[in-house]
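Accompanying notes for the structure given below.
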Amino acid sequence: MPTEDNAKTAVPSAERPNDERYDAQRVETKWSERWQQNPSLYAAEPNSSKRKYYVLEMLPYPSGALHMGHVRNYSIGDALARYMWMNGYNVLHPMGWDSFGLPAENAAISANVPPREWTLRNIANMKAQMNRLGFAYDWAREVTTCLPEYYRWNQWFFLKLFEQGLAYRKKSKVNWCPKCATVLANEQVLSNGCCWRHEDTLVEQRELEQWFLRITKYADELLRDLEKLDGWPDKVRTMQRNWIGRSEGTLVDFKLDYAENHKGFGPAGSTISVFTTRVDTIFGATSVQLAPEHPIVGDLTATNADLRVKVDQLIAEQRKAKEAGDIGEIEKHGVFTGRYAINPYNNEKVPIWVANYILMDYGTGAIMSVPAHDERDYEFAQKYKLEIRLVILPISDDPEETMTEPALPFVSERGMLINSGKYGGLSCQQAMQQMAEYAEQKGFGKATVTYRLKDWGISRQRYWGTPIPMLYCEKDGIVAAPEKDLPVILPEKVEITLTGGSPLSRVPEFVHTTCPKCGGPARRETDTMDTFVDSSWYFYRYTDARNDRAPFDSKTAQYWFGDRGIDQYIGGVEHAILHLIYSRFWTKFMRDLGLLTNDEPVERLFTQGMVIKDGAKMSKSLGNVVSPDEMVARYGADAARLYSLFAAPPDRDLDWQDSGIEGIQRFLGRVYRFFVRNARPNHPDWRKPVPAELSPVARAIQRKLHQTIKRVSDDFQGRWHFNTCIAAIMELVNVLYGADDAIAKKEVPVAFVAEVQRSLVLLLAPFAPYLAHELWEMMGEQGSLLRAPWPKFDAALAKEEEIEIPVQINGKLRGRVTVPAEATEEFVLECALADEKVQAAIAGKQVVKKIYVPGKMVNLVVK
RNA sequence: GCCGGGAUGGCGAAAUUGGCAGACGCAGCGGACUUAAAAUCCGCAGGUCCGAAAGGACUGUGGGGGUUCGAUUCCCCCUCCCGGCACCA
């Protein structure tokens, strides 16, 4: 029988600490080992009797070691997973490795380690780090994208895409990064024209044969379905909307004018196709402007060396502006070609110019220039003294402005057409519609939609990626590898260099094969896939990770994805376009294959802020990198995790301060010491029900406890401000410390102390699992903490009995009164007016208005 | 240029619906314990001014204006910082 006075006897003697100090290293390694020996702890299987919850953090690239951004990301996801477990959900919480990619090749070159070995070693290290940090992952579902068990399904999907005509080969101008020595997708080129991995290296344009995926087939749906994604940050939706860049307009063919002189102008009947969103202004078109790289400019300059020089100058200007990242501010230059085109609406001849502000990669690379109704055209026309012809008059709420000559350029669509032949008098909207219909009737144009989004170029001239399962046969041309031959294994013995094209092309036993159609000799495709293919569907693989007959079982995937996808996805905003648009595309494609029923992969997306130090992004060159290993060694995993949640709300950037994590370490020690002193599982009252009547001290603790339960629970349901959750738990602990004497003097019943401690451990469990488990055990609790029910909020117990009401006079705080929580307005006002300080402040004045905000405050207006 | 987000003590931040600005933590100061230190526990703390003190006055959420009994919160104008997009026709 333990004596009540010696709390330490409650601690099992084998585990008894030397003193009250919390030894995080000892406790954390103990639990970490236990958890690793019991991998089924976090296992999840489809279970129709429970509500499912799929929480996912973006899988890391195994670069070698975790950084603080990872720790923050996974701490958020792990807290949520644990909270959902405690709330009785069937939780899926997996982790994997986005393990193909260029750094492995660089390591092979600089350290002479094979990419596979380097990668697997990094994975082992990072997995150990994750286990030390105590993240609750179901490792039985681990996905490693560089292994054939995974990438064979990339190949399988590629074959399906090819069958459906969604994968195709095309020679085109592509982005080439000289440092990566490979082609990049448009999404991987930064807005300043540099490579996403080499932010100082300008991407070159090369003409190459490449494999493309027809993401544009889904452009409209990708845009439309953004509306459904109300669980995504607006920022990300806006970025995707911009990226897709849908624009409705009209294509209009301008015939080249041959009456003049058609020499060197291509075949007779040639036209210049122009894209415009404002066909209603076409009677005001006074020139046609071509991008300097427009193919017809090539024809033109073939016989005009002088013009060629000038056009080359324009190309150089464009390139330079792109390099400097200010293509928007380039000074407009152009050159008249000496030729004319014919406006099909009025058969007018308009001069053809080449201009540096026309981009070849948008629309058709040619525009009609309407100076009166477009700012850029206006600027250009003024500079080169081109005709400016007004064809729209404004319609405005202000009668003064309506139908009077506007300031130029007048770009609004609220207008009426003039000087526009039979369209005169129509509104802009009417005219756009009728003019597009007319063009279609006469066969010189049509209404159309253009996108900024281009098809996804996935060929990479690199080694460490998924081989593209295609063959080239002299007789049969492009042939798909047969499904039964998958996976096309990536050979291991390869000489890796960053020059000389695809490393695989130098492996004869890989390249030379036989054509499955004719049996003759064939060459394999030696490019590999963009690694964004791997991450486009990996989260489906988690649902059925060991399946060797299919990428995953549809029924299983449907259980976990439901109709709306992953319940909560958490990661950095840097993937807002790349990964998150590819994933959406892949989901729609898989749905159309019949593998899925959901249209979107992710129901709710959370983008956490960056971890910075001293106001700057952590980087080796700045020397401000904080290593998770060091933090864990110095303060423990719980402290590192708790601090990464406490220092800032998760959606904001977090400025790392070592002194801050020290404070968290102190807090954890404080909680621990409270339990060392007050956990007495062998006390006869420990498991008795809490008495209904409590002393005022105990009642105050109870009130605070229930207020804390509410604050923490509400945040998990809603806004995720874990920093304030943790602050609330700290307040509760401060209240407990304040009641220390009362507890020692037994003014607080032991049964109630037990309940408070149990609740406190449960509240702490999502954020600091190690300490929580240790305390749970100290309290003699048997069941798994992970499945222990989340504490229930009781509004009656949280309610204050007395409240303090501030009294303002003319909006300035002048006194306070304490009243019962249910006090009536009359009573509160009476108390307020009776208050000494208030009396003094209103002496000799007249109270003209009394305002009482129930439970909040009193304001007296005096004169 | 356009679209987002932001600016609050010495620092990270809080204030959830227009109602006590600065919770919680860091750093700081004071006290207790200690031979001493560390650790721990308790307390103080936006600024300026008055007061020996208790206490009091004024002021304060990037700047200026407005609405309101009352504004960090709503409206208008402006400055700066971060992110995205950008001659997109």
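FYI, side chains are in, hydrogens and waters are out, and symmetry mates aren't considered; it's all heavy atoms of this structure. These numbers were taken from a predicted model, which means no experiment stands behind them. Letters go in sequence order (proteins before strands), and every chain restarts at 1.
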Please tabulate the protein-to-nucleotide N/O contacts below 3.5 Å involving nucleotides 49-51 of chain B, giving atom names and distances.
none

Phe444(A) meets the ring pair (Phe, Tyr, Trp, His ring centres under 6.0 Å) criterion, sequence neighbours left out, with Tyr345(A), Tyr438(A)

Nearest-Å distance for atom pair NZ/P, residues Lys849(A) and G70(B)
9 Å

Looking only at atom C1', what distance separates G84(B) and C69(B), rounded to whole Å?
43 Å

Atom CE of Met368(A) and atom C1' of C88(B): how far apart are they, to the nearest Å?
15 Å

Consider the side chain of Asn734(A), meaning its heavy atoms from C-beta on, and name the nucleotide among C88(B), C24(B), A21(B) that approaches it most closely.
C24(B)

Holding to ring pair (Phe, Tyr, Trp, His ring centres under 6.0 Å), I want the full list of residues that pass it with Trp243(A), two or more places apart in sequence or in another chain.
none

What is the distance, to the nearest angstrom, from the CD atom on Gln608(A) to the P atom on G5(B)?
19 Å

Closest to the Tyr737(A) side chain: C42(B), C20(B), C87(B)?
C42(B)

All pairs passing side chain to side chain donor-acceptor pair (under 3.5 Å) where residues 639-650 of chain A contributes a residue, at least two apart:
Asp78(A)-Arg641(A)

Candidate nucleotides C24(B), A89(B), A57(B), ranked by approach to the side chain of Thr277(A) - the nearest:
A89(B)

Taking the minimum atom-to-atom distance to the side chain of Glu731(A), which one of U40(B), C24(B), C87(B) wins?
C24(B)

Where the side chain of Thr276(A) is defined as all heavy atoms beyond and including C-beta, which of C24(B), A89(B), G56(B) is the nearest nucleotide?
A89(B)

Quick note, Arg21(A) side chain, CB onward, closest among G19(B), A89(B), A39(B) is A39(B)

So if I define the base as every atom that isn't primed, P, OP1 or OP2, how would nucleotides 9-15 of chain B read as a B/S/- string at a heavy-atom cutoff under 4.0 Å?
--SBSSS

Per Pro806(A) side chain, nearest of listed nucleotides C58(B), C20(B), G19(B)
C20(B)

Within residues 662-670 of chain A, which residues have any heavy atom lying less than 4.0 Å from an atom of RNA chain B?
Gly663(A), Arg666(A), Arg670(A)

Look at Lys812(A) and U59(B) and indicate whether a side-chain polar atom (N or O) is within less than 4.0 Å of OP1 or OP2.
yes

